[in-house]
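Predicted model, so just to flag it, every value in this text is computed and none were measured. Hydrogens, waters and symmetry mates are skipped; everything else that's a heavy atom, side chains included, is used.
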Amino acid sequence: MEEAKVLEAKEGTISVASAFPGHQEAVRDRDHKFLTQAIGEAYKGVECKDGGPFGAVVVRNDEVVVSCHNMVLRNTDPTAHAEVTAIREACKKLNQIELSDCEIYASCEPCPMCFGAIHLSRIKRLVYGAKAEAAIAIGFDDFIADALRGTGFYQKANLEIKQADGTGAVIAEQVFEKTKEKFTLY
């Protein structure tokens with residue numbers, strides 16, 4: 001029997017799961033299963049003309065919570081990407097805004113908006129299939145890969161970003177201080 005590989009985690013707990021024989025293969029098989037479902041959703045979305053070829057699956061405790069595809073065309077909503085749609089649906093189904101006990105499987109590398117939604121929902125793990133270049137090659141332009149590589153070659157949109165001058169910015173910042181007692185985070 002192999003000697004167990006012990007790692008110290010942030011919370012002080014010990015993790016030995018990866019040391020068990022076959023663990024990595026089991027994880028690979030599990031990832032393949034859920035990623036295949038996300039890819040199926042990508043095909044489904046194109047078939048029914050809901051949107052582009054992107055799919056996402058949210059999983060909790062090895063069970064599919066939701067399986068979704070891009071809904072941009074159907075909803076006339078540029079934010080209805082597969083990952084965002086899956087996060088919205090999973091939050092509704094589970095009646096919570098934090099998905100820290102969930103994983104997401106995406107057919108393609110997430111764009112900045114989808115990555116932001118994944119991050120904000122506190123999903124614990126992201127597994128994606130295709131690299132952004134596969135989508136870029138057929139005309140999609142909103143991928144973080146382009147920004148990370150320091151190029152804007154594939155970007156079609158031109159957006160100027162500027163913080164408001166004068167009292168507009170001050171008044172907007174005061175909203176946080178004036179409302180902090182009226183809501184709680186997570």
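The distance from the CD1 atom of Ile104 to the CZ atom of Arg60 is 14.5 Å, given to the nearest 0.5 Å. Atoms CG and CD, on Asp31 and Glu103 in that order, are 7.0 Å from each other to the nearest 0.5 Å. Going from atom NE2 of His119 over to atom CZ of Arg122 covers 6.0 Å, rounded to the nearest 0.5 Å. In this structure, the separation between CD1 on Ile97 and OG on Ser121 is 10.0 Å, given to the nearest 0.5 Å. Met71 CE to Cys48 SG: the interatomic distance, rounded to the nearest 0.5 Å, is 7.0 Å. Rounding to the nearest 0.5 Å gives a distance of 7.0 Å between OG1 of Thr85 and CG of Asn70.
Heavy atoms from other residues, nucleotides or ligands lying under 6.0 Å from NZ of Lys124 number more than 12. For Arg125, the CZ atom sits in a packed shell: over 12 heavy atoms of surrounding residues, nucleotides or ligands are nearer than 6.0 Å.
Taking each heavy atom of Arg30 and Tyr105 in turn, the nearest pair found is NH1-OH, 2.8 Å. Closest approach of Val57 and Phe34 over heavy atoms only: CG2-O, 4.0 Å. Gly52 and Val46 make their closest contact through C-CG2, 3.8 Å (heavy atoms, listed as atom of the first residue, atom of the second, distance). Minimum interatomic distance between Val58 and Ala90 (heavy atoms only, all atoms of both residues): CG1-CB, 3.9 Å. A pairwise comparison of heavy atoms in Cys114 and Val84 identifies SG-CG2, 3.9 Å as the closest pair. Nearest heavy atoms, Cys108 versus Ala132: SG-CA, 4.3 Å.
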Check your understanding: So Cys102 and Leu94, side chain to side chain contact (heavy atoms under 4.5 Å, CB included) or not? Walk me through it.
Key -> CA-CA 11 Å; Cys102 296; Leu94 299 173; 4.1 Å; yes

Exercise for review: With side chain to side chain contact (heavy atoms under 4.5 Å, CB included) as the test, would you mind laying out the steps for Leu73 and Lys49 before giving the verdict?
Suggested key: CA-CA 7 Å; Leu73 298 176; Lys49 298 182 176 19; 5.7 Å; no

Practice item. Tell me, with the steps shown, if Asp29 and Glu25 meet side chain to side chain contact (heavy atoms under 4.5 Å, CB included). Key: CA-CA 6 Å; Asp29 290 348; Glu25 186 177 327; 4.2 Å; yes

Exercise for review: Could you check Glu83 against Leu126 for side chain to side chain contact (heavy atoms under 4.5 Å, CB included), going step by step and ending with a plain yes or no?
Suggested key: CA-CA 10 Å; Glu83 299 91 333; Leu126 159 67; over 6 Å; no

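Of the possible polar contacts, none joining the Glu41 side chain to the Gly55 backbone as a donor-acceptor pair under 3.5 Å is found.
Hydrophobic clustering keeps Val170 apart from Val175 (ILVMFWY residues linked when any side-chain heavy atoms are closer than 4.5 Å, directly or through intermediates). In the hydrophobic clustering of this structure, Ile118 groups with Leu99; members are Ile, Leu, Val, Met, Phe, Trp, Tyr whose side-chain heavy atoms approach within less than 4.5 Å, directly or through other members.
Counting heavy atoms from C-beta on, the side chains of Val59 and Lys33 never come closer than 4.5 Å.
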